[in-house]
Trainee: 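Here it is, the structure in full.
All ligand and atom numbering here is 1-based and tracks the order in the structure. Positions are given from 1 along the sequence. Hydrogens, waters and symmetry mates play no part in the numbers below; they use all other heavy atoms, side chains included.
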Amino acid sequence: MSRLDSFINRMSAQRDMLNHVRDNCALPDGGMIFEIGLGNGRTFSHLRENFPDRRIVAFDRKLASHAAGTPDPQDFVEGEIRETGQAFVGSNAALVHADIGTGYDDKDAMTLTWLPQMVAGMLASGGYAVSGLPLSHPDLEELPRLPTVQEGRYFHYRRR
Ligand SMILES: C[S@@+](CC[C@H](N)C(=O)[O-])C[C@H]1O[C@@H](n2cnc3c(N)ncnc32)[C@H](O)[C@@H]1O
């Protein structure tokens with residue numbers, strides 16, 4: 001598959017799964033949304049449009065988002081998420097979206113040594129995670145793949 005097709009698949013899977021959560025999942029009351037990997041801010045912008053009543057906190061090494069997809073300063077956490085995210089473990093988030101896969105197996109394997117545990121720890125019981133990398137953790141129940149999403153492309157979970 002070309003990298004262009006792979007990129008398009010990732011973007012459409014991300015949008016479909018976030019919309020699925022919006023339409024079908026009862027998020028825990030009042031919980032924040034965490035955007036792990038702000039990047040250009042396209043997904044942040046989508047989250048803001050589709051979950052207007054939630055506080056959305058975004059994480060990245062550096063702020064490099066488009067002006068139209070940039071959080072307020074108090075809702076952006078700069079630095080290595082492995083470290084900065086620790087302060088948000090136990091914060092009973094309603095939804096965590098993580099888009100920090102690189103396409104390099106060795107780098108992603110390093111990320112997967114800490115990301116599943118961090119996401120599970122950030123979520124309230126009954127909260128949801130949507131991720132480009134698989135999050136194998138006993139507290140995260142994997143949900144069935146959406147028909148529009150290719151096998152292994154994007155994953156979603158409910159915190160037990
Ligand atoms: C694929 S991009 C996210 C794209 C985003 N969904 C958007 O709408 O533009 C991944 C982002 O995560 C950040 N990132 C990846 N791993 C990180 C880490 N361990 N700590 C901090 N930021 C990280 C990168 O700097 C990059 O901006």
Side-chain angles (χ1 to χ4, degrees), residues 1-23 25 27 31-52 54-91 93-123 127-137 140 143 145-146 148-150 152-157:
M1 179 189 295
S2 75
R3 295 200 66 235
L4 178 62
D5 282 335
S6 174
F7 175 76
I8 291 167
N9 282 344
R10 182 164 64 89
M11 293 299 100
S12 62
Q14 197 178 106
R15 180 205 52 206
D16 290 357
M17 292 174 81
L18 293 172
N19 290 355
H20 174 80
V21 170
R22 177 198 64 199
D23 295 339
C25 301
L27 294 179
M32 290 186 278
I33 294 177
F34 294 154
E35 166 66 340
I36 294 190
L38 174 66
N40 179 276
R42 292 185 180 95
T43 317
F44 175 79
S45 153
H46 193 73
L47 289 167
R48 198 166 50 182
E49 275 193 23
N50 286 280
F51 299 91
R54 302 276 174 171
R55 181 179 175 203
I56 306 170
V57 175
F59 300 76
D60 208 300
R61 293 190 173 101
K62 281 278 170 218
L63 185 61
S65 49
H66 188 279
T70 295
D72 292 336
Q74 68 273 17
D75 292 332
F76 176 68
V77 181
E78 185 174 278
E80 283 297 315
I81 296 161
R82 182 178 188 168
E83 290 148 25
T84 60
Q86 294 300 338
F88 295 83
V89 168
S91 57
L95 170 64
V96 175
H97 172 243
D99 180 18
I100 58 171
T102 62
Y104 292 101
D105 288 347
D106 54 341
K107 290 184 180 165
D108 291 346
M110 290 299 292
T111 300
L112 288 172
T113 62
W114 55 268
L115 184 65
Q117 186 173 347
M118 178 172 287
V119 171
M122 287 172 159
L123 285 169
Y128 289 82
V130 175
S131 173
L133 293 174
L135 302 177
S136 175
H137 190 278
L140 296 174
L143 301 172
R145 182 171 60 83
L146 299 186
T148 57
V149 174
Q150 287 189 343
R153 177 67 272 184
Y154 233 78
F155 307 87
H156 58 164
Y157 304 86

Trainee: Look only at interatomic distance and state if R10 has a nitrogen or oxygen under 3.5 Å from any nitrogen or oxygen of ligand 1.
Mentor: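 No, there is no polar N/O contact under 3.5 Å.
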Trainee: Do me a favour and list the nearest non-hydrogen protein atom to atom 19 (N) of ligand 1 with residue, atom name and distance?
Mentor: E80 OE1, 3.3 Å
Trainee: Using a 4.0 Å cutoff against the non-hydrogen atoms of R42, which atoms of ligand 1 qualify?
Mentor: 7 (C), 8 (O), 9 (O)
Trainee: Nearest non-hydrogen contact with atom 18 (C) of ligand 1 belongs to which option: E83, R61, M11, H66?
Mentor: R61
Trainee: Would one find an N or O of G41, backbone or side chain, under 3.5 Å from an N or O of ligand 1?
Mentor: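 There is such a contact, yes.
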Trainee: Mind telling me whether Y154 and H97 have parallel, tilted or perpendicular rings, with 30° and 60° as the class edges?
Mentor: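 Answer is parallel, since the angle falls under 30°.
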Trainee: Please report which non-hydrogen protein atom sits nearest to atom 11 (C) of ligand 1, along with the residue it belongs to and the distance in Å to one decimal place.
Mentor: D60 OD2, 3.4 Å
Trainee: Taking all atoms of both residues into account, what is the closest heavy-atom pair of P71 and F76, and its distance?
Mentor: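 Of all heavy-atom pairs spanning P71 and F76, the closest is CG-CB, 4.2 Å.
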Trainee: Does any N/O atom on I81 come nearer than 3.5 Å to any N/O atom on ligand 1?
Mentor: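 Yes, at least one N or O pair falls under 3.5 Å.
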Trainee: Which of the numbered atoms in ligand 1 are below 4.0 angstrom from a heavy atom of N40?
Mentor: 7 (C), 9 (O)
Trainee: OG1 of T43 to CG of L38: how many Å apart, nearest 0.5 Å?
Mentor: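 Rounded to the nearest 0.5 Å, the OG1-CG separation comes out at 8.5 Å.
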Trainee: Classify the contact between E35 and ligand 1 as side chain, backbone, both or neither, using a heavy-atom distance cut-off of under 4.0 Å.
Mentor: side chain
Trainee: Please step through salt bridge (Lys or Arg N to Asp or Glu O under 4.0 Å) for the pair E80 and R61, ending with a clear verdict.
Mentor: CA-CA 5 Å; E80 283 297 315; R61 293 190 173 101; 2.4 Å; yes
Trainee: Assess the side chains of R42 and S65: does a donor N or O sit below 3.5 Å from an acceptor N or O?
Mentor: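 S65 and R42 do not have a side-chain donor-acceptor pair below 3.5 Å.
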Trainee: Should you measure from each heavy atom of I100, which atoms of ligand 1 turn up under 4.0 Å away?
Mentor: 12 (O), 14 (N), 15 (C), 16 (N)
Trainee: Between H97 and ligand 1, does any nitrogen or oxygen pair lie at a separation below 3.5 Å?
Mentor: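 Not met; the criterion fails.
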Trainee: May I ask whether R82 has any heavy atom positioned less than 4.0 angstrom from an atom of ligand 1?
Mentor: no
Trainee: Mind checking whether W114 has an N or O less than 3.5 Å away from an N or O of ligand 1?
Mentor: no
Trainee: Is any side-chain heavy atom of Y157 closer than 4.5 Å to a side-chain heavy atom of V119?
Mentor: no
Trainee: Taking atom CG of D105 as the centre, does the number of heavy atoms from other residues, nucleotides or ligands within less than 6.0 Å exceed 12?
Mentor: no
Trainee: Check for me whether S45 has a heavy atom closer than 4.0 Å to any atom of ligand 1.
Mentor: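 Contact check S45 vs ligand 1: negative.
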Trainee: For D99, enumerate each residue passing the side-chain hydrogen bond (donor to acceptor under 3.5 Å, both in side chains) test, keeping only those at least two apart in sequence or located in another chain.
Mentor: R10, Q14
Trainee: Less than 4.5 Å apart, any side-chain heavy atom of M1 and any of N9?
Mentor: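 Heavy-atom side-chain distance check passes, below 4.5 Å.
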Trainee: Working to the nearest 0.5 angstrom, can you tell me the gap between I36 CD1 and D60 CG?
Mentor: 11.0 Å
Trainee: Has the side chain of T70 got a donor or acceptor atom that lies under 3.5 Å from a matching backbone atom of H66?
Mentor: yes
Trainee: Among protein heavy atoms, which lies nearest atom 10 (C) of ligand 1, and at what distance?
Mentor: D99 O, 3.2 Å
Trainee: Need the ligand 1 atom indices (1-based, order shown) with element for anything under 4.0 Å from a heavy-atom of G79.
Mentor: 20 (N), 21 (C)
Trainee: Checking contacts here: is it the side chain or the backbone of L38 that comes within 4.0 Å of ligand 1, counting heavy atoms only? Could be both or neither.
Mentor: backbone
Trainee: Please report which non-hydrogen protein atom sits nearest to atom 3 (C) of ligand 1, along with the residue it belongs to and the distance in Å to one decimal place.
Mentor: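 Answer for atom 3 (C) of ligand 1: G37 O, 3.3 Å.
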